[in-house]
Amino acid sequence: AQTVTQSQPEMSVQEAETVTLSCTYDTSESNYYLFWYKQPPSRQMILVIRQEAYKQQNATENRFSVNFQKAAKSFSLKISDSQLGDTAMYFCAFPSGGSNYKLTFGKGTLLTVNP
Amino acid sequence: DAGITQSPRYKITETGRQVTLMCHQTWSHSYMFWYRQDLGHGLRLIYYSAAADITDKGEVPDGYVVSRSKTENFPLTLESATRSQTSVYFCASSEAQMNTEAFFGQGTRLTVV
């Protein structure tokens, strides 16, 4: 079974600084995707970034990038130039493939950006 | 409007009552999911559905019932609500492809008193 672990329940960062959120996972599959979702105080779940395991290049979306280490099964999210609007809960998510498709989430990291 | 909608947004019910949370999506996504979100537990999968009339248990199915007679609807029923079922419930939908994102409803905050 797939597992997703986020070891940092809470983090804080000063506005304009960089912060990295950690995620590790376990799977026996060879090709897969990994996702980071953001949940602001509005409760709406928003996709931040996705990474395909076969791609060696780390995914980047504006100020958000990942550090994907396939051998270590690590998938961290880096937020550069943090903004107040980045304050949210962040979830790492891992979809299982095949006929038993479902999405497994980590427990989340609450990020607070301070002015 | 296209999207995924949940109703109600907030619900207070008494222990032992039956409660149904509604979920409707307009994309014709094959997969739909119900999660509950609790502090310290993240999102835990309750039930999911691969298509109409096909449902399967997730991580925490006890005390819940689902049905999916139509592709667009996936209601979640608490047959006899308990205080431990006080939570925020999220419905989501997705295509059954690993590279596609799941789309979430706004959530239902359920309080069982």
Side-chain angles (χ1 to χ4, degrees), chain A residues 1-10 21-25 27 29-55 59 61 64 75 88-110, chain B residues 1 3-11 21 23 25 29-51 54-61 66 74 87-110:
Chain A
Q2 277 75 224
T3 60
V4 181
T5 303
Q6 293 180 251
S7 58
Q8 306 150 314
E10 293 187 41
L21 282 58
S22 301
C23 173
T24 58
Y25 61 94
T27 182
E29 297 179 15
S30 57
N31 191 24
Y32 48 89
Y33 282 76
L34 292 156
F35 299 84
W36 277 99
Y37 283 85
K38 168 185 177 180
Q39 185 184 43
S42 66
R43 283 203 324 233
Q44 183 63 52
M45 294 285 286
I46 303 164
L47 179 68
V48 175
I49 199 165
R50 79 190 83 191
Q51 172 78 41
E52 181 180 3
Y54 260 84
K55 288 189 176 179
E61 290 286 345
F64 298 88
F75 180 58
M89 183 73 82
Y90 288 82
F91 293 98
C92 179
F94 179 84
S96 61
S99 61
N100 196 29
Y101 175 83
K102 54 188 173 183
L103 196 59
T104 302
F105 287 84
K107 292 184 178 181
T109 297
L110 179 60
Chain B
D1 291 336
I4 181 166
T5 54
Q6 292 182 235
S7 62
R9 292 289 306 280
Y10 301 89
K11 176 74 176 178
L21 309 184
C23 180
Q25 54 112 348
H29 285 161
S30 55
Y31 272 79
M32 295 189 75
F33 308 86
W34 274 107
Y35 292 89
R36 60 177 290 173
Q37 183 178 11
D38 304 287
L39 193 64
H41 291 278
L43 282 93
R44 292 182 291 175
L45 184 63
I46 304 170
Y47 269 96
Y48 63 107
S49 169
I54 301 174
T55 62
D56 207 348
K57 296 178 179 179
E59 182 184 354
V60 288
V66 294
F74 191 40
S87 185
V88 179
Y89 291 85
F90 285 95
C91 179
S93 72
S94 174
E95 292 297 338
Q97 298 174 31
M98 286 191 291
N99 63 330
T100 59
E101 68 180 285
F103 294 88
F104 286 79
Q106 288 279 61
T108 296
R109 182 177 293 278
L110 176 67

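Chain identifiers are assigned alphabetically (A, B, ...) following the order of the sequence lines, protein sequences preceding nucleic acid strands; residue numbering begins at 1 within each chain.
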If you count heavy-atom pairs under 4.5 Å between each of B:L43, B:L39, B:V88 and chain A, which one has the most? B:L43
Polar side-chain atom of A:Q44 near backbone of B:G107 as donor-acceptor pair, under 3.5 Å: no
Counting only heavy atoms from other residues, nucleotides and ligands, does the tally under 6.0 Å from NZ of A:K38 exceed 12? yes
So which part of B:Y35 gets closer than 4.5 Å to some heavy atom of chain A, the side chain, the backbone, both or neither? side chain
Treating A:Y37 as the side-chain partner and B:E101 as the backbone partner, does any N or O pair qualify as donor plus acceptor under 3.5 Å? no
Identify which of A:R43, A:R50, A:M45 forms the greatest number of heavy-atom pairs closer than 4.5 Å to chain B. A:R43
With a 4.5 angstrom heavy-atom cut-off, is it the side chain or the backbone of B:R44 that approaches chain A, or both, or neither? neither
Starting at CZ of B:F104, measure out to CD1 of A:I46 and round the result to the nearest 0.5 Å. 11.5 Å
Return the minimal non-hydrogen interatomic distance between A:Q39 and B:Q37, and the atom names on each side. OE1-NE2, 2.7 Å
